[in-house]
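Protein chains get the first letters and strands the later ones, always in sequence-line order, with residue 1 at the start of each.
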There are 2 protein chains.
Amino acid sequence: MKPILANEKTFEHYAEAFKSLSDPKRLKLMNELCARGQVCVCDLCEIMEMNQSKLSYHLKILLDANLIIQEKKGKWNYYALNQKQVNHLLSSELCCLFRPSD
Amino acid sequence: MKPILANEKTFEHYAEAFKSLSDPKRLKLMNELCARGQVCVCDLCEIMEMNQSKLSYHLKILLDANLIIQEKKGKWNYYALNQKQVNHLLSSELCCLFRPSD
DNA sequence: AGTATATATCAAAAAAAATTGATGCATAGA
DNA sequence: TCTATGCATCAATTTTTTTTGATATATACT
């Protein structure tokens, strides 16, 4: 396991990560993905009551932060939570928000 | 210990918390406070190479998020890391960035 | 081939956050 | 009481993020 060095690069890296967590819609999105597993964009639109463009914007932010995982199946694009990254960043207390069966 | 409910209020609350962590200057600030203990604003200005107005702005954000603690002594205002809140939010892996002697 | 659906992306507009310089208020010392 | 220092806060500006509506691309079905 690589140790985490307290340098500028590290601070920038994690600031980015936390930025992606800094919106209630995205936290809810993660929570829904967690509860439901793999979900396609069009279903997420309904679940989140959000138009597709906006949703894709937020999905991209989470994807870039490696907080969710994308899998394309035919016409559909499925997303799921990346539990590993969630665990890497968040306390176990908080992880319960993004952990199956809460 | 109060359980964390996955509702709108919770998402807003933690989104706020993560927003305050979403800037590399603030992460560095927390890291410095962690390494040095209680530090007054004027010393922090030099440590962070930041003007006082800007520094106070960022300190306020961390203070509002309960990530740091303020103590006034005479003319000076001292700040220190709130380890408890850091632990509440961040994984133990990450907490090492904000934990004495890293 | 033609059409419909799913989704990403783009450009413009709106909203929010950060920076800057100025000002004001305590406190402490002369 | 006068002055200097430490700090918070305000208003104006700049920068960044988010939202919106439109367009483009890929897949699948007819």
Side-chain angles (χ1 to χ4, degrees), chain A residues 8 11-30 32-33 36-82, chain B residues 8 11-30 32-33 36-82:
Chain A
E8 197 50 37
F11 297 135
E12 273 165 22
H13 173 76
Y14 286 107
E16 268 306 305
F18 292 127
K19 187 170 298 178
S20 64
L21 292 167
S22 72
D23 182 303
K25 293 171 233 69
R26 293 196 287 268
L27 295 184
K28 176 160 163 46
L29 195 39
M30 288 170 64
E32 294 290 350
L33 287 179
R36 296 165 192 263
Q38 262 197 343
V39 188
C40 71
V41 176
C42 56
D43 287 351
L44 277 175
C45 274
E46 300 198 354
I47 292 164
M48 295 292 298
E49 299 181 356
M50 207 181 274
N51 70 54
Q52 178 268 313
S53 169
K54 191 170 170 176
L55 180 58
S56 281
Y57 168 78
H58 289 291
L59 284 170
K60 181 160 175 24
I61 287 174
L62 292 175
L63 189 64
D64 288 348
N66 197 29
L67 282 160
I68 59 176
I69 291 166
Q70 191 187 39
E71 186 179 355
K72 186 161 188 183
K73 295 184 188 173
K75 228 158 84 162
W76 290 275
N77 231 340
Y78 286 83
Y79 287 91
L81 194 62
N82 183 359
Chain B
E8 198 50 38
F11 297 134
E12 272 165 23
H13 173 77
Y14 286 108
E16 268 305 306
F18 292 127
K19 188 169 294 175
S20 64
L21 290 168
S22 73
D23 182 304
K25 293 171 232 68
R26 293 197 286 268
L27 295 184
K28 176 162 163 44
L29 194 40
M30 288 171 63
E32 295 290 349
L33 287 178
R36 297 165 192 264
Q38 261 196 343
V39 187
C40 70
V41 176
C42 55
D43 287 350
L44 276 176
C45 275
E46 301 198 352
I47 292 164
M48 295 293 296
E49 300 181 355
M50 208 181 271
N51 70 55
Q52 179 267 313
S53 168
K54 190 169 170 178
L55 180 58
S56 281
Y57 170 77
H58 289 291
L59 284 170
K60 180 158 176 26
I61 287 173
L62 292 174
L63 188 64
D64 288 348
N66 197 29
L67 283 160
I68 59 175
I69 290 164
Q70 192 186 40
E71 186 179 354
K72 184 162 189 183
K73 296 183 188 172
K75 226 158 87 162
W76 289 275
N77 231 341
Y78 285 84
Y79 288 91
L81 195 63
N82 183 359

Of the candidates C/dA8, C/dT27, C/dA17, the side chain of A/Asn77 sits closest to C/dA8

For A/Arg26 and A/Lys19 the tightest heavy-atom approach is NH2-O, 3.1 Å

Between A/Ala65 and A/Ser20, the two heavy atoms sitting closest are CB-OG, 3.3 Å

Taking the side chain as everything from C-beta on, heavy atoms only, tell me whether A/Leu29 gets closer than 4.5 Å to A/Ile68. no

Note: contacts of residues 50-61 of chain B with DNA chain C (heavy atom, under 4.0 Å) are B/Asn51, B/Ser53, B/Lys54, B/Tyr57, B/His58, B/Ile61

To the nearest angstrom, the CG-P distance between A/Leu63 and C/dT7 comes to 14 Å

Could you check whether any side-chain heavy atom of B/Leu21 comes within less than 4.5 Å of a side-chain heavy atom of B/Met30, counting everything from C-beta outward? yes

Separation of C/dA26 atom P from B/Lys72 atom NZ, nearest Å, is 8 Å

At 4.0 Å (heavy atoms only), tell me whether A/Tyr79 reaches a base, stays on the sugar-phosphate, or touches nothing. sugar-phosphate

Exercise for the section: Indicate whether the side chain of A/Gln52 and that of A/Ser56 have a donor and an acceptor atom separated by less than 3.5 Å. Expected result: yes

Check your understanding: Does NZ belonging to B/Lys25 count more than 12 external heavy atoms closer than 6.0 Å?
Key -> yes

Outer limits of DNA chain D sitting under 4.0 Å from a non-hydrogen atom of chain A, read 5' to 3', are D/dT17 to D/dA28

Discussion item. Do A/His58 and A/Met48 make a side-chain contact, defined as non-hydrogen atoms from C-beta onward lying under 4.5 Å apart?
Written reply: no

Check your understanding: B/Lys25 near the nucleic acid: base, sugar-phosphate alone, or nothing, with a heavy-atom cut-off under 4.0 Å?
Key -> sugar-phosphate

Of all heavy-atom pairs linking A/Ala80 and A/Leu33, the shortest is C-CD1, 4.2 Å

